[in-house]
Number of protein chains: 2
Amino acid sequence: MAYRRTPKIETRLAETRDRILHSAIQLIAAHGYKATSMDAIATDAGVSTGLLYRHFSSKSEIFDEVFQRISAREIAACQAAALAGSTSRERLARVLDTFSRRAFRDRRLAWAVLIEPVDARIDARRLRFRTPYRDIFSNLLREAVAAGEIPPLAVEIVASAIVGAVVESLAGPLSTVTERDEEDRVVAALTRFCLHAVGYRDDASRGEELKPVPDVSSTICHHQRDGNL
Amino acid sequence: MAYRRTPKIETRLAETRDRILHSAIQLIAAHGYKATSMDAIATDAGVSTGLLYRHFSSKSEIFDEVFQRISAREIAACQAAALAGSTSRERLARVLDTFSRRAFRDRRLAWAVLIEPVDARIDARRLRFRTPYRDIFSNLLREAVAAGEIPPLAVEIVASAIVGAVVESLAGPLSTVTERDEEDRVVAALTRFCLHAVGYRDDASRGEELKPVPDVSSTICHHQRDGNL
DNA sequence: GTCTATAGTTCGATAGAC
DNA sequence: GTCTATCGAACTATAGAC
């Protein structure tokens with residue numbers, strides 16, 4: 001009888017694959033993509049280097065999968081933030097705050113995912129993954145216009161511009177050691193920038209301070225083995 | 001007698017090298033980076049494919065040089081635009097207009113340089129080449145604050161945000177066929193976005209229409225063999 | 001899973017410059 | 001006569017088809 005994969009084997013394979021990815025995430029979060037060797041991933045995952053290539057065709061493919069997992073989690077967090085708040089303005093501010101705070105919390109991983117030069121494959125992936133972020137902002141903008149909070153605008157273009165502004169303004173701070181209050185400065189500047197950009201006026205009654213809402217997913221900083229990632 | 005490079009040969013070598021780069025620019029402007037083969041470049045330049053590798057170590061290196069030449073020209077155009085206008089507001093608007101109009105004029109080349117997935121080397125080059133653009137905006141912002149046109153802000157962060165907003169909002173339109181009035185819509189939305197973002201208020205007296213100023217360099221659309229590129 | 005096509009790269013040969 | 005710019009075919013790797 002020919003060899004057939006039993007459910008038991010399937011499960012073990014999936015577990016190994018998962019362990020590899022977890023190790024990759026941890027190492028990339030600590031040192032970035034380039035500085036993470038296949039050997040290091042294998043060692044950390046407790047498998048041989050050769051086995052890595054049974055599960056993934058290349059280092060780039062591992063990172064691609066890491067990229068997608070991390071991005072999905074971050075997008076979910078931002079989507080959740082887009083629901084919390086009584087005004088569109090607050091929801092928008094919360095999304096910006098959520099995205100950048102989470103990036104700062106795990107800055108090396110954020111840097112690796114968002115800006116580290118990797119290869120064309122990841123570049124293409126990055127382009128595709130801007131869409132869900134754009135959609136979050138598009139929806140908030142349409143909502144805000146409908147509610148009369150801001151004047152009408154070219155939603156799609158403005159949503160793209162926000163995505164670009166966010167990522168680019170984090171690029172520098174993420175790659176340098178940043179103090180906590182420098183981080184606050186960046187988030188504040190970025191938030192003001194975007195709110196003004198879409199037509200909100202300064203509001204003296206509020207200092208744009210936001211109470212935290214519970215995250216949809218566990219914090220990005222602890223890549224627990226027992227997590228659901 | 002040993003062989004030595006004479007000035008005559010030096011010149012011819014430089015000319016050949018230049019011809020290769022011109023061909024590369026033309027082809028990339030027509031089809032993008034990926035779709036431009038080394039064979040095509042060689043044929044267009046009238047040399048063998050092998051010779052390409054005497055002048056450049058790889059396709060990536062050719063594109064790197066194309067990137068730098070095109071970027072230098074575009075930066076110069078934007079720097080010039082930053083000098084034309086009576087108010088900081090107008091100068092800022094002119095830079096945004098100049099950058100995006102020139103990108104649209106040669107959208108495929110702009111797309112290849114700004115966003116097409118190429119490789120890590122070009123990614124790194126892109127990161128470095130944001131600095132001069134950031135500097136243009138930083139200077140304009142400092143100027144505007146000093147003149148009391150806009151309230152104080154975190155110049156460096158905001159300058160980065162503008163760069164990101166510009167590039168990202170062009171990404172979509174550059175990669176699709178865009179009508180002239182769609183192009184106008186993008187530029188208008190982007191300009192409004194940035195002006196508002198940094199603290200300018202709408203000004204009913206002006207529709208943000210800008211008279212063209214003579215370019216510092218010849219237009220990007222005609223990659224003339226006789227040009228100074 | 002093998003086969004094919006395509007595109008990047010390499011290399012030995014040639015011919016022309018010194 | 002020696003050296004090198006150039007050529008063009010061969011090699012290699014990868015992605016898509018059957």
Side-chain angles (χ1 to χ4, degrees), chain A residues 1-6 9-10 13 17 20 24 33-34 37-39 41 49-68 117-129, chain B residues 1-70 108-109 111-113 115-126 175 225:
Chain A
M1 172 181 167
Y3 175 84
R4 266 205 48 163
R5 271 187 196 168
T6 62
I9 297 290
E10 288 282 3
L13 283 175
R17 196 188 143 89
I20 293 169
Y33 171 80
K34 179 132 185 282
S37 69
M38 291 295 265
D39 262 359
I41 296 173
T49 318
L51 190 64
L52 296 183
Y53 291 92
R54 295 263 154 194
H55 290 273
F56 305 93
S57 68
S58 65
K59 186 181 174 187
S60 179
E61 186 170 301
I62 292 185
F63 188 65
D64 197 13
E65 182 117 7
V66 169
F67 182 101
Q68 291 181 68
V118 178
D119 59 29
R121 172 187 198 145
I122 301 302
D123 288 344
R125 188 63 78 188
R126 283 185 180 132
L127 285 180
R128 273 181 251 125
F129 263 78
Chain B
M1 172 183 170
Y3 179 87
R4 269 212 45 177
R5 262 188 202 172
T6 61
K8 187 173 155 190
I9 294 293
E10 287 281 5
T11 307
R12 209 191 56 204
L13 283 174
E15 276 170 5
T16 302
R17 195 188 143 88
D18 238 56
R19 205 142 31 83
I20 292 169
L21 283 171
H22 275 288
S23 295
I25 291 175
Q26 306 246 56
L27 290 164
I28 291 167
H31 311 110
Y33 171 79
K34 175 118 187 291
T36 299
S37 70
M38 292 296 265
D39 265 355
I41 296 173
T43 302
D44 190 88
V47 299
S48 69
T49 45
L51 188 63
L52 296 183
Y53 291 88
R54 293 274 150 186
H55 290 274
F56 305 94
S57 68
S58 66
K59 187 182 176 187
S60 179
E61 185 170 302
I62 293 184
F63 187 65
D64 197 13
E65 182 118 7
V66 168
F67 183 102
Q68 291 181 68
R69 289 197 180 200
I70 299 299
R108 261 221 168 86
L109 183 58
W111 177 76
V113 167
I115 38 197
E116 182 178 1
V118 178
D119 60 29
R121 172 189 197 143
I122 300 302
D123 289 342
R125 186 65 77 190
R126 284 183 179 133
S175 40
R225 294 279 157 122

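Letters go in sequence order (proteins before strands), and every chain restarts at 1. Heavy-atom basis, side chains included; hydrogens, waters and symmetry copies ignored.
- Within the 4.0 angstrom heavy-atom criterion, only backbone atoms of the sugar-phosphate kind lie near B:Thr36; the bases stay farther away.
- In this structure, B:Ile9 places its CD1 atom 9 Å from C1' of C:dG16, rounding to the nearest Å.
- Electrostatic pairing of A:Asp119 and A:Lys59 does not count as a salt bridge here, judged by no charged N lying under 4.0 Å from a carboxylate O.
- In this structure, the CG atom of B:Asp39 is 11 Å from the P atom of D:dG8, given to the nearest Å.
- Counting to the nearest Å, the C1' atom of D:dA5 and the CD atom of B:Glu15 are 15 Å from each other.
- Proximity of B:Tyr53 to the phosphate of C:dT9: a side-chain N or O atom is located under 4.0 Å from OP1 or OP2.
- A donor-acceptor contact shorter than 3.5 Å is absent between the side chain of B:Arg108 and the backbone of B:Leu27.
- Note: CD1 (B:Ile41) to P (C:dA7) measures 12 Å, nearest angstrom.
- As a whole-Å value, the separation of B:Arg19 CZ from D:dA5 C1' is 13 Å.
- Look at CE on B:Met38: it is 17 Å from P on D:dA9, rounded to the nearest Å.
- For B:Lys59, the side-chain atoms get nearest to C:dG8 when compared with the rest of D:dG8, D:dA5, C:dG8.
- Dashed line: the shortest gap from a side-chain N or O of B:His55 to OP1 or OP2 of D:dT6 is under 4.0 Å.
- Residues B:Ala112 and B:Gly32 share a closest heavy-atom pair of CB-CA, 4.4 Å.
- One atom, CZ of B:Arg17, and another, C1' of D:dT6, lie 17 Å apart when rounded to the nearest Å.
- With rounding to whole Å, B:Arg54 atom CZ is found 11 Å from C:dG12 atom P.
- Minimum interatomic distance between A:Ile41 and A:Leu52 (heavy atoms only, all atoms of both residues): CG2-CD2, 4.2 Å.
- Between B:Phe63 and B:Tyr33, the two ring planes are tilted [angle within 30° to 60°].
- Across all strands, B:Thr49 comes closer than 4.0 Å to base atoms (heavy-atom distances).
- Counting any heavy atom pair closer than 4.0 Å across all strands shown, B:Leu13 reaches sugar-phosphate atoms only and no base atom.
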